[in-house]
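Below: the structure, in structure tokens.
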Amino acid sequence: MRLLLAFVILGVVLGISGYFFVFRPNIQVRDNGIFMIRKGELFDTVAQRLQERGYLQNMYTFRKVARLKKYPELVKSGRYRLTDRMNNNELINLLRSGRQEPVHFTFNNVRTLEQFAGIVSRQIAVDSSLLSLLADEQYVSRLGFTRENLMGMFIPNTYQIYWDISPLSFVTRMQEEYLNFWNDNRRQKAEKAGLSPMDVMILASIIEEETIRPEEYPVIAGVYINRLKRNIPLAACPTLKFALGDFTLKRVLKVHTEIDSPYNTYKYKGLPPGPVRMPSIQVVEAVLNYRKHDYFYFCAKSDFSGGHHFSRTLRQHNEYARQYHQALNRRKIY
């Protein structure tokens, strides 16, 4: 009888101990609960960082349960969201499963692939190898792009992406988003305007650099499409700034228009070989729904309001240009 009682007491003690180890709350969250585990990180490092962040209340019980569930051999990288009062069992099941909290990856106003790679690395765990991948001409060609027009593949938006995605998987995802964006409806509109999808991206990138007024996007698109149809050089200042690598240039001079570059749309007819920035969806849609008119020229207004004068004739355009240049002179912008 005494032996039976001893076994019962032992069972109760072990049951209470088991509950304390496995099911008693052991996580305290006082922030957003986001916890990252990098590729190759070992269990001891994960445990230490959980404690340093103030999440883990009892290291001993966490380690015990982790070993019982073989978590030290099953550490998976990722971005996890911990919740207040999680127990060891819930925490280890989450981390062992690899069930991540995706990142809302956002980008816009990007002018170069180097700038883009920096934006990517600040939001997800992609290292400098991304830039090397984007510079690989054979790889880029397999994607269906060139080094010059690759920037047009990236559609500025917000995407849900896993934090520890590989550079290769990231680029593949962006390619898929590009192909999904260019659905039948958009492709038909581009074809009707006499443009390919990449032509639209290039034109949109120039237009977005031309004006700060969204209502002018479709009007400027109409001007450029009119010029393309008449085989008139675009004479677009943003392409010169891109060729010069100077986006801060406040005044384009004759010497700038003499640069020998395929991006010099004063010197060479047609579109440049690639976008001069990653154009926003709003501008792309403006090109696809461009305003039909008989304007062939536009010039910034001399009041520096950000708006433009649109002209049908070169004579009218030259008068607006004269007014604008005089205004630049008065402001000592040479």
Side-chain angles (χ1 to χ4, degrees), residues 105-113 115-116 119-120 145-146 148-159 174-229 232-243 246-249 252 263 265 270-293 295-301 304-310:
F105 171 67
T106 301
F107 66 96
N108 52 54
N109 296 321
V110 180
R111 287 194 171 106
T112 66
L113 288 174
Q115 182 187 4
F116 180 62
I119 291 170
V120 174
F145 298 89
T146 66
E148 290 77 20
N149 68 26
L150 178 61
M151 196 156 55
M153 186 187 79
F154 301 96
I155 309 289
N157 210 335
T158 297
Y159 303 95
M174 291 294 100
Q175 181 196 29
E176 291 170 353
E177 294 292 346
Y178 175 85
L179 295 174
N180 290 337
F181 177 82
W182 282 104
N183 55 33
D184 290 341
N185 180 50
R186 289 192 176 103
R187 287 180 180 275
Q188 288 168 8
K189 285 184 177 181
E191 186 177 356
K192 191 174 180 180
L195 303 169
S196 69
M198 185 51 68
D199 290 341
V200 174
M201 301 302 288
I202 294 171
L203 204 51
S205 75
I206 297 171
I207 293 165
E208 193 161 14
E209 288 287 331
E210 290 280 21
T211 182
I212 59 172
R213 295 191 170 188
E215 67 271 16
E216 290 190 341
Y217 292 157
V219 187
I220 296 177
V223 171
Y224 282 140
I225 288 173
N226 286 345
R227 294 177 76 89
L228 287 170
K229 288 179 177 178
I232 302 171
L234 295 184
C237 294
T239 64
L240 285 182
K241 293 178 182 180
F242 184 85
D246 184 1
F247 297 103
T248 66
L249 193 65
V252 172
Y263 287 89
T265 54
L271 293 167
V276 297
R277 67 178 290 137
M278 294 181 185
S280 67
I281 292 174
Q282 183 182 13
V283 190
V284 173
E285 293 291 1
V287 175
L288 293 174
N289 299 283
Y290 71 96
R291 189 83 52 81
K292 294 181 180 179
H293 50 61
Y295 297 132
F296 285 88
Y297 310 92
F298 65 96
C299 178
K301 290 183 177 179
F304 295 94
S305 61
H308 291 80
H309 292 295
F310 295 88

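Remember, predicted model here, so these are calculated numbers, not experimental data.
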Considering non-hydrogen atoms only, spot the tightest contact between [X] and [Y] and give its length.
{"X": "V276", "Y": "E209", "answer": "CG2-CG, 4.2 Å"}
{"X": "G152", "Y": "M201", "answer": "O-CE, 3.3 Å"}
{"X": "P233", "Y": "R227", "answer": "O-NH2, 2.7 Å"}
{"X": "A221", "Y": "A286", "answer": "CB-O, 4.2 Å"}
{"X": "V219", "Y": "F310", "answer": "CG1-CE2, 3.5 Å"}
{"X": "N149", "Y": "F145", "answer": "OD1-CB, 3.3 Å"}

Does the [X] side chain pair with the main chain of [Y], one donor and one acceptor, at a distance under 3.5 Å?
{"X": "R111", "Y": "R277", "result": "no"}
{"X": "N108", "Y": "P156", "result": "no"}
{"X": "N289", "Y": "P218", "result": "no"}
{"X": "D199", "Y": "S196", "result": "yes"}
{"X": "R187", "Y": "W182", "result": "yes"}
{"X": "R186", "Y": "L288", "result": "no"}

TODO: Count the heavy atoms of every other residue, nucleotide or ligand shown that sit under 6.0 Å from CD of E191, and state whether that count exceeds 12.
DONE: no
- [ ] Please test K292 against N226 for side-chain contact (heavy atoms from CB on, under 4.5 Å), starting from the C-alpha separation and ending with a verdict.
- [x] CA-CA 9 Å; K292 294 181 180 179; N226 286 345; over 6 Å; no
Task: Within-4.5 Å side-chain heavy-atom neighbours: Y178 and P197 - done: yes
Open item on the list: Do Y224 and L271 have side chains that approach each other closer than 4.5 Å (heavy atoms only, starting at C-beta)?
Closed with: no
- [ ] Run the numbers on L228 and L195 for side-chain contact (heavy atoms from CB on, under 4.5 Å), then give the verdict.
- [x] CA-CA 10 Å; L228 287 170; L195 303 169; 4.2 Å; yes
Gap between atom [atom2] of [Y] and atom [atom1] of [X] - 0.5 Å precision:
{"X": "K241", "Y": "T248", "atom1": "NZ", "atom2": "OG1", "answer": "8.5 Å"}
{"X": "I225", "Y": "I220", "atom1": "CD1", "atom2": "CD1", "answer": "12.0 Å"}
{"X": "K192", "Y": "Y290", "atom1": "NZ", "atom2": "OH", "answer": "8.0 Å"}
{"X": "T146", "Y": "M153", "atom1": "OG1", "atom2": "CE", "answer": "11.5 Å"}
{"X": "N109", "Y": "M278", "atom1": "CG", "atom2": "CE", "answer": "11.5 Å"}
{"X": "T265", "Y": "L240", "atom1": "OG1", "atom2": "CG", "answer": "5.5 Å"}

TODO: Begin from the C-alpha positions of V120 and F105 and carry the test side-chain contact (heavy atoms from CB on, under 4.5 Å) through to its verdict.
DONE: CA-CA 8 Å; V120 174; F105 171 67; 3.7 Å; yes
Determine the interplanar angle of the [X] and [Y] rings, folded into 0 to 90°, and report it as parallel if under 30°, tilted if 30 to 60°, perpendicular if over 60°.
{"X": "H308", "Y": "F298", "answer": "perpendicular"}
{"X": "F116", "Y": "F154", "answer": "tilted"}
{"X": "F242", "Y": "Y263", "answer": "tilted"}

Task: Identified side-chain contact (heavy atoms from CB on, under 4.5 Å) partner of Y217 from the options V287, V284, V283 - done: V283
Open item on the list: If we check side-chain contact (heavy atoms from CB on, under 4.5 Å) with E208, which of these qualifies: P275, P238, S280?
Closed with: S280
Open item on the list: Go through it in stages, so that I can follow the logic: the residues are V110 and I119, the test is side-chain contact (heavy atoms from CB on, under 4.5 Å), and I'd like the CA-CA distance, side-chain angles, deciding distance and then a yes or no.
Closed with: CA-CA 9 Å; V110 180; I119 291 170; 3.5 Å; yes
